[in-house]
A.B. asks: 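Structure in structure tokens, see below.
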Amino acid sequence: MQLTGVGIWSSQLRYGDAAESAEAATELDELGFPALWIPDVGGPLLDAVGRLLAATRRTVIATGILNLWMHSPGDVAESHAELTAAHGDRFLLGIGVSHAPLIDAKQPGRYRKPLAATASFLDGLDAAPRPVPVESRVLAALGPKMLALSATRASGAHPYLVTPDHTAFAREILGEGPLLLPEQTVILSDDADEARRIGTGMLRSYLSMPNYANNMLRSGFSEEDVRQVSDRLFDAVIAWGDEEAILRRVAEHRSAGADHVCVQVLTDDPTAFPREQWRRIAAAL
């Protein structure tokens, strides 16, 4: 599964109205986006994957990511085999360990040894009666150890909330061959104040998670940048402006070593499907 080009990362496709989600997925497929990515913060993820596969003909449906603490590898492998048999080789299984504050909130102490937990989950996928092929799975990865695991136990990495500089860092660790599929958050607005109003809350939420905060520190931002969501950090992580500005940031990721970039569009209403913005991006491509 050799993904290229620009895809769409969308929480609305996962958690929005099911009928509109299917309708939007059909349109995104017709617009030519090669992959649609959906998150997993609870609920029947694989059922959602099945609905999106049924609504599309060509596009890859990818999990960005399947939370390994919420699923059994045996069940995931069986569902992957069934969905692939029904819809062709269009299901890319993105797997991740989520974040300690989220997992430990319900079961204190459950989140530990994330690298070992990921390797164990992959062992379970390999040992299933119908294993998930290595080429059909990628790992959420930010740091060097998880990136290295992505290169040996999966077909590559899906870093989230990263800069083009991180993409270059990730490519150096992955080496040539493994897929590098970063997410890029975007806001189609030329107004800096409006962009910051739309995006700062989202960034604050993510940067409260140690994995993302530590990655920003590792990427050269200060603790003050992270705590205050400085303009420098905001502009490095979120691409805002017109279509040209968005595609320029995508090109920076590609130049840094990304094979495919999935864009997440933010608007004033985080629950609304940003269909107008998706159409604008498709037209610009």
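Model, not experiment: these values are computed from the prediction.
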A.B. asks: Can you confirm whether Met202 sits close enough to Ile187 that some side-chain heavy atom of one is under 4.5 Å from a side-chain heavy atom of the other?
C.D. replies: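 In short, these two side chains do not touch, never coming nearer than 4.5 Å.
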A.B. asks: Is the shortest side-chain heavy-atom distance between Leu122 and Leu139 below 4.5 Å?
C.D. replies: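 Yes, their side chains come closer than 4.5 Å.
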A.B. asks: How long is the gap from CZ on Arg51 to CG on Asp47, to the nearest 0.5 Å?
C.D. replies: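 Taking CZ in Arg51 and CG in Asp47, the distance rounds to 6.0 Å.
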A.B. asks: Is a donor on one side and an acceptor on the other found under 3.5 Å between the side chain of Thr63 and the backbone of Gly94?
C.D. replies: yes
A.B. asks: If you apply the rule side-chain contact (heavy atoms from CB on, under 4.5 Å), what do you find for Leu285 with Arg280, and how did you get there?
C.D. replies: CA-CA 9 Å; Leu285 291 168; Arg280 288 173 60 184; over 6 Å; no
A.B. asks: Ser10 versus Trp278: any side-chain heavy-atom pair under 4.5 Å?
C.D. replies: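 Yes - at least one pair of side-chain heavy atoms lies under 4.5 Å apart.
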A.B. asks: To the closest 0.5 Å, what do you measure between CD (Glu82) and NE2 (His87)?
C.D. replies: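 It comes to 10.5 Å.
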A.B. asks: Can you tell me how far OG1 of Thr200 sits from CZ of Phe234, rounded to the nearest 0.5 angstrom?
C.D. replies: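 Reported to 0.5 Å precision, the distance equals 5.0 Å.
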A.B. asks: Please evaluate residues Leu93 and Val138 with respect to the criterion side-chain contact (heavy atoms from CB on, under 4.5 Å), reporting the C-alpha separation (whole Å), side-chain torsions for both, the decisive distance (0.1 Å), and the verdict.
C.D. replies: CA-CA 6 Å; Leu93 183 64; Val138 294; over 6 Å; no
A.B. asks: Testing the basics here: between Pro129 and Pro131, what is the closest heavy-atom pair and its distance to 0.1 Å?
C.D. replies: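 Of all heavy-atom pairs spanning Pro129 and Pro131, the closest is O-CD, 3.5 Å.
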A.B. asks: Which ring pair (Phe, Tyr, Trp, His ring centres under 6.0 Å) pairs, counting each pair once, include a residue from residues 182-213, with sequence neighbours left out?
C.D. replies: His99-Tyr212, Tyr160-Tyr206, Tyr160-Tyr212, Tyr206-Tyr212
A.B. asks: Say whether Asp235 and Trp240, considering side chains only, have a donor N or O and an acceptor N or O under 3.5 Å apart.
C.D. replies: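 Distance-only check passes for Asp235 and Trp240.
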A.B. asks: Is the shortest side-chain heavy-atom distance between Arg279 and Glu27 below 4.5 Å?
C.D. replies: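 Result yes, sub-4.5 Å side-chain heavy-atom pair found.
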A.B. asks: Before giving the answer on salt bridge (charged side-chain N to carboxylate O under 4.0 Å, His left out), spell out for Arg197 and Asp191 the whole-Å C-alpha distance, their side-chain angles and the decisive distance to 0.1 Å.
C.D. replies: CA-CA 10 Å; Arg197 176 175 54 77; Asp191 186 315; over 6 Å; no
A.B. asks: Kindly compute the distance separating CG (Leu266) from CD (Gln277), expressed to the nearest 0.5 Å.
C.D. replies: 10.0 Å
A.B. asks: Any side-chain to backbone donor/acceptor pair from Asp259 onto Gln2? Under 3.5 Å, distance only.
C.D. replies: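 No; zero donor-acceptor contacts below 3.5 Å.
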A.B. asks: Determine whether Leu36 and Trp9 satisfy the following criterion, side-chain contact (heavy atoms from CB on, under 4.5 Å), listing intermediate values before the conclusion.
C.D. replies: CA-CA 6 Å; Leu36 306 180; Trp9 195 105; over 6 Å; no
A.B. asks: Using only atom types and a distance under 3.5 Å, with no angle test, would you say the side chain of Ser155 pairs donor to acceptor with the backbone of Ser136?
C.D. replies: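 Not at all, since once roles are kept as given, no pair shorter than 3.5 Å links the two residues.
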A.B. asks: Within the 4.5 Å heavy-atom criterion, are Trp37 and Ile8 side-chain neighbours or not?
C.D. replies: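 No, every pair of side-chain atoms sits at 4.5 Å or beyond.
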A.B. asks: For salt bridge (charged side-chain N to carboxylate O under 4.0 Å, His left out), just list the numbers for Asp126 and Arg153, CA-CA rounded to whole Å, side-chain angles, deciding distance to a tenth of an Å, and then say yes or no.
C.D. replies: CA-CA 10 Å; Asp126 291 340; Arg153 299 293 307 277; 3.0 Å; yes
A.B. asks: Below 4.5 Å, heavy atoms only, C-beta onward: do Val76 and Ile95 meet side chain to side chain?
C.D. replies: no
A.B. asks: With no hydrogens and no angle check, just 3.5 Å: does a side-chain donor-acceptor pair link Asp269 and Thr271?
C.D. replies: yes
A.B. asks: Between Thr185 and Glu183, do the side chains contain an N or O donor and an N or O acceptor separated by less than 3.5 Å?
C.D. replies: yes
A.B. asks: Can you find a heavy atom in the side chain of Arg137 that is under 4.5 Å from one in the side chain of Leu125?
C.D. replies: yes
A.B. asks: Under 4.0 Å between a Lys/Arg side-chain N and an Asp/Glu carboxylate O for Arg248 and Glu252?
C.D. replies: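 So Arg248 does not pair with Glu252 through a salt bridge.
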A.B. asks: Determine yes or no for a side-chain-to-main-chain donor-acceptor pair under 3.5 angstrom, with Gln264 supplying the side chain and Gln184 the backbone.
C.D. replies: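 Answer holds: no.
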A.B. asks: Determine whether the side chains of Glu194 and Ser189 contain a donor N or O and an acceptor N or O closer than 3.5 Å.
C.D. replies: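 The criterion, which ignores hydrogens and geometry beyond distance, is satisfied for Ser189 and Glu194.
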A.B. asks: Kindly determine whether Leu115 and Met146 satisfy side-chain contact (heavy atoms from CB on, under 4.5 Å), including the steps that lead there.
C.D. replies: CA-CA 7 Å; Leu115 195 70; Met146 196 66 80; 3.8 Å; yes
A.B. asks: Could you state the interatomic distance from CD1 (Ile61) to CG (Leu52), rounded to the nearest 0.5 Å?
C.D. replies: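 The distance works out to 5.0 Å.
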A.B. asks: Between the side chains of Asp29 and Thr56, is a donor N or O closer than 3.5 angstrom to an acceptor N or O?
C.D. replies: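 Note: Asp29 and Thr56 side chains miss the donor-acceptor criterion.
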A.B. asks: Could you walk me through whether Asp231 and Arg196 pass the salt bridge (charged side-chain N to carboxylate O under 4.0 Å, His left out) check?
C.D. replies: CA-CA 8 Å; Asp231 289 351; Arg196 282 166 174 56; 2.8 Å; yes
A.B. asks: Indicate yes or no: at least one non-hydrogen side-chain atom of Ile65 is less than 4.5 angstrom from one of Pro39.
C.D. replies: no
A.B. asks: Which residues satisfy the side-chain hydrogen bond (donor to acceptor under 3.5 Å, both in side chains) test with Thr26, sequence neighbours excluded?
C.D. replies: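 For Thr26, no residue satisfies side-chain hydrogen bond (donor to acceptor under 3.5 Å, both in side chains) once neighbours in sequence are set aside.
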A.B. asks: Using modelled atom types and a 3.5 Å cut-off, is there a donor and acceptor pairing between side-chain atoms of Asp225 and backbone atoms of Phe221?
C.D. replies: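 Such a contact is absent between Asp225 side chain and Phe221 backbone.
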A.B. asks: Ring pair (Phe, Tyr, Trp, His ring centres under 6.0 Å) with His253: which residues, sequence neighbours excluded?
C.D. replies: none
A.B. asks: Within the side chain of Ser21, is there an N or O that forms a donor-acceptor pair under 3.5 Å with the backbone of Leu13?
C.D. replies: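 Judged by distance alone, yes, a pair lies under 3.5 Å.
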A.B. asks: Taking Thr118 for the side chain and Pro114 for the main chain, is one N or O donor matched with an acceptor at less than 3.5 Å?
C.D. replies: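 Yes; judged by distance alone, with no hydrogens or angles, the pair exists.
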A.B. asks: How far does OG1 of Thr59 sit from CZ of Arg90, to the nearest 0.5 angstrom?
C.D. replies: 7.5 Å
A.B. asks: Keeping Ser205 on the side-chain end and Gly201 on the backbone end, is there a donor-acceptor pair under 3.5 Å?
C.D. replies: no
A.B. asks: Look at the side chain of His80 and the backbone N and O of Phe91, then say whether any donor-acceptor pair between them is shorter than 3.5 Å.
C.D. replies: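 Yes, because the side chain of His80 sits within donor-acceptor range (under 3.5 Å) of the backbone of Phe91.
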A.B. asks: Donor-acceptor pair, distance only, cut-off 3.5 Å: does the side chain of Ser120 make one with the backbone of Ala116?
C.D. replies: no
A.B. asks: Under 3.5 Å, is there a donor-acceptor pair linking the side chains of Ser222 and Glu224?
C.D. replies: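 Short answer, no.
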A.B. asks: Between Glu23 and Arg275, is there a salt bridge with N-O shorter than 4.0 Å?
C.D. replies: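 A salt bridge links Arg275 with Glu23.
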